**Q** 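One structure follows; several queries about it will come next.
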Amino acid sequence: MSNTYFISDTHFGHFNILKYCPSRVAALAEFFYNQDTSHNIEWYKNYINEMINSDNKLVRDILIDYHDDMLIQNWNSVVKQDDTVWFLGDFGLGSKERAKKICSQLNGRKNMVRGNHDNWTDEFYRSIGFNYVSKYPVILKHKI
């Protein structure tokens with residue numbers, strides 16, 4: 001049996017989302033901790049915040065790569081290949097190549113209602129793996 005899921009605001013590739021959303025820093029600290037328990041979660045939060053405030057582009061790029069890997073792993077731990085996912089805006093920023101690479105790693109049949117950060121064309125989103133793309137809300141079973 002397949003399931004239907006709704007998600008939004010993943011902001012793949014959007015480094016500044018780490019500045020705006022402390023809950024992402026906490027989740028990323030836990031992600032690091034689960035891979036290496038030699039430090040506690042608070043230590044990882046402090047480490048991540050230092051990286052966020054770094055002027056070093058390489059450090060920032062590495063951190064957002066970890067963020068994206070965490071989101072992909074979390075998505076795929078819940079969503080199976082035959083599930084349907086309605087993506088309700090703000091998929092990601094960065095290059096089209098990055099968006100394509102990320103989308104190809106995400107399980108499920110993906111549909112999108114575009115958000116204010118989803119600036120590429122409907123055709124592009126379909127080309128990277130979204131089955132349905134809309135700029136407007138969708139009505140499913142008499143609900144928006």
Side-chain angles (χ1 to χ4, degrees), residues 1-36 41-144:
M1 183 176 109
S2 65
N3 295 301
T4 299
Y5 296 99
F6 296 85
I7 189 170
S8 69
D9 298 289
T10 50
H11 289 266
F12 289 107
H14 184 187
F15 180 80
N16 284 334
I17 200 69
L18 296 170
K19 292 180 181 178
Y20 307 144
C21 295
S23 62
R24 288 190 191 235
V25 171
L28 196 51
E30 187 173 331
F31 180 73
F32 285 156
Y33 177 77
N34 288 334
Q35 294 178 29
D36 176 11
I41 291 177
E42 284 304 312
W43 186 92
Y44 284 108
K45 284 182 189 177
N46 292 332
Y47 179 67
I48 291 165
N49 282 315
E50 286 178 22
M51 293 174 77
I52 288 170
N53 294 315
S54 171
D55 291 332
N56 186 323
K57 183 176 177 351
L58 178 61
V59 167
R60 294 164 56 116
D61 288 348
I62 290 169
L63 185 59
I64 200 63
D65 286 344
Y66 275 112
H67 168 267
D68 292 354
D69 289 346
M70 174 189 69
L71 293 178
I72 292 165
Q73 286 182 30
N74 289 348
W75 176 302
N76 289 339
S77 72
V78 174
V79 178
K80 304 305 173 220
Q81 287 296 353
D82 63 336
D83 291 338
T84 299
V85 178
W86 282 91
F87 194 89
L88 305 178
D90 295 349
F91 179 72
L93 299 176
S95 70
K96 289 183 174 183
E97 293 76 23
R98 181 186 193 103
K100 182 176 183 176
K101 180 182 175 199
I102 289 168
C103 196
S104 71
Q105 295 177 67
L106 298 172
N107 289 343
R109 295 182 301 271
K110 297 169 284 291
N111 302 298
M112 174 186 268
V113 177
R114 291 171 53 176
N116 64 316
H117 288 113
D118 299 317
N119 297 319
W120 294 309
T121 65
D122 292 359
E123 292 76 23
F124 170 74
Y125 289 109
R126 282 192 289 274
S127 77
I128 66 169
F130 286 94
N131 298 316
Y132 176 84
V133 180
S134 175
K135 295 178 188 173
Y136 308 104
V138 175
I139 298 174
L140 297 171
K141 297 183 183 180
H142 307 293
K143 296 181 181 179
I144 294 179

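All figures in this text were calculated on a predicted structure; none of them were measured in a lab.
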**Q** Shortest non-hydrogen contact from Phe91 to Asp118?
**A** N-OD1, 2.8 Å
**Q** Got a sec: does the OH of Tyr47 have more than 12 other heavy atoms crowding it under 6.0 Å?
**A** no
**Q** To the nearest 0.5 Å, what is the distance between CG on Leu58 and CD1 on Ile62?
**A**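 Reported to 0.5 Å precision, the distance equals 4.0 Å.
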**Q** Inspect the contact between Lys45 and Glu42 and indicate whether a charged nitrogen and a carboxylate oxygen are less than 4.0 angstrom apart.
**A** yes
**Q** Checking Asp83 side chain against Ser2 main chain: does a donor-acceptor pair fall under 3.5 Å?
**A** no
**Q** Do the non-hydrogen side-chain atoms of Tyr44 and Asp36 ever get within less than 4.5 Å of each other?
**A**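 Of all side-chain heavy-atom pairs linking Asp36 with Tyr44, at least one is under 4.5 Å.
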**Q** Within the structure provided, determine whether Ile7 and Lys110 are in side-chain contact (heavy-atom separation under 4.5 Å).
**A**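 Counting from C-beta outward, Ile7 and Lys110 never come under 4.5 Å.
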**Q** More than 12 foreign heavy atoms under 6.0 Å from OH of Tyr66: is that the case here?
**A** no
**Q** So which heavy atom on Ile48 is nearest to which on Ala29, and how close?
**A** CD1-N, 3.4 Å
**Q** Below 4.5 Å, heavy atoms only, C-beta onward: do Leu63 and Leu28 meet side chain to side chain?
**A** yes
**Q** If you define the side chain from C-beta out and look only at heavy atoms, does anything of Asn16 sit under 4.5 Å from Arg60?
**A**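 Asn16 vs Arg60: side chains touch.
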**Q** What is the distance from atom CZ of Phe87 to atom CG of Asp9, rounded to the nearest 0.5 Å?
**A**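 Taking CZ in Phe87 and CG in Asp9, the distance rounds to 7.0 Å.
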**Q** Supply the atom-to-atom distance Met1 CE to Asp82 CG, rounded to the nearest 0.5 angstrom.
**A**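 That separation rounds to 10.0 Å.
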**Q** Is a donor on one side and an acceptor on the other found under 3.5 Å between the side chain of Asn131 and the backbone of Arg109?
**A**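 Such a contact is absent between Asn131 side chain and Arg109 backbone.
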**Q** Do Val59 and Glu50 have side-chain heavy atoms sitting under 4.5 Å apart?
**A**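 When only atoms from C-beta onward are counted, Glu50 and Val59 do not touch, as no gap falls below 4.5 Å.
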**Q** Which heavy atom of Gly13 sits nearest to which heavy atom of Arg98, and what is that distance?
**A** CA-NE, 3.4 Å
**Q** How long is the span from the CD atom in Gln81 to the CG atom in Asn76, to the nearest 0.5 Å?
**A**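 These two atoms lie 7.5 Å from each other.
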**Q** Distance check, rounded to the nearest 0.5 Å: Met112 atom CE versus Arg126 atom CZ?
**A** 11.0 Å
**Q** Looking at Leu88 and Ser8, what are the two nearest heavy atoms and their distance?
**A**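 Heavy atoms of Leu88 and Ser8 come nearest at O-CB, 3.4 Å.
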**Q** Just by modelled atom types, is the Asn107 backbone N or O under 3.5 Å from a matching donor or acceptor in the Trp75 side chain?
**A** yes
**Q** Mind listing the closest non-hydrogen atom pair of Trp120 and Ser95 along with its distance?
**A** CH2-O, 3.7 Å
**Q** I need the Ile72 CD1 to Lys101 NZ distance, nearest 0.5 Å.
**A** 7.5 Å
**Q** Closer than 3.5 angstrom, by distance alone: can the side chain of Asp90 be matched with the main-chain N or O of Asn116 as a donor-acceptor pair?
**A** yes
**Q** Kindly indicate whether the side chain of Met51, heavy atoms from C-beta on, has any atom under 4.5 Å from the side chain of Asn56.
**A**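 Of all side-chain heavy-atom pairs linking Asn56 with Met51, none is under 4.5 Å.
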**Q** When you look at Asp122 and Arg114, which way does the side chain to side chain contact (heavy atoms under 4.5 Å, CB included) test go after all the steps?
**A** CA-CA 9 Å; Asp122 292 359; Arg114 291 171 53 176; 2.5 Å; yes
**Q** Quick one: are Gln105 and Leu71 in side-chain contact, heavy atoms under 4.5 Å?
**A** no
**Q** Look at the aromatic rings of Tyr20 and His14 and report parallel, tilted or perpendicular, splitting at 30° and 60°.
**A** perpendicular
**Q** Tell me whether the count of non-hydrogen atoms from other residues, nucleotides or ligands lying under 6.0 Å of CZ in Phe15 goes above 12.
**A**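 Atom CZ in Phe15 is packed in, count exceeds 12.
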**Q** Does Val79 reach the side chain of Leu106, with side-chain heavy atoms less than 4.5 Å apart?
**A** no
**Q** Quick one: closest heavy-atom pair of Thr4 and Trp86, and the distance?
**A**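 Minimum heavy-atom separation between Thr4 and Trp86: CG2-CD1, 3.8 Å.
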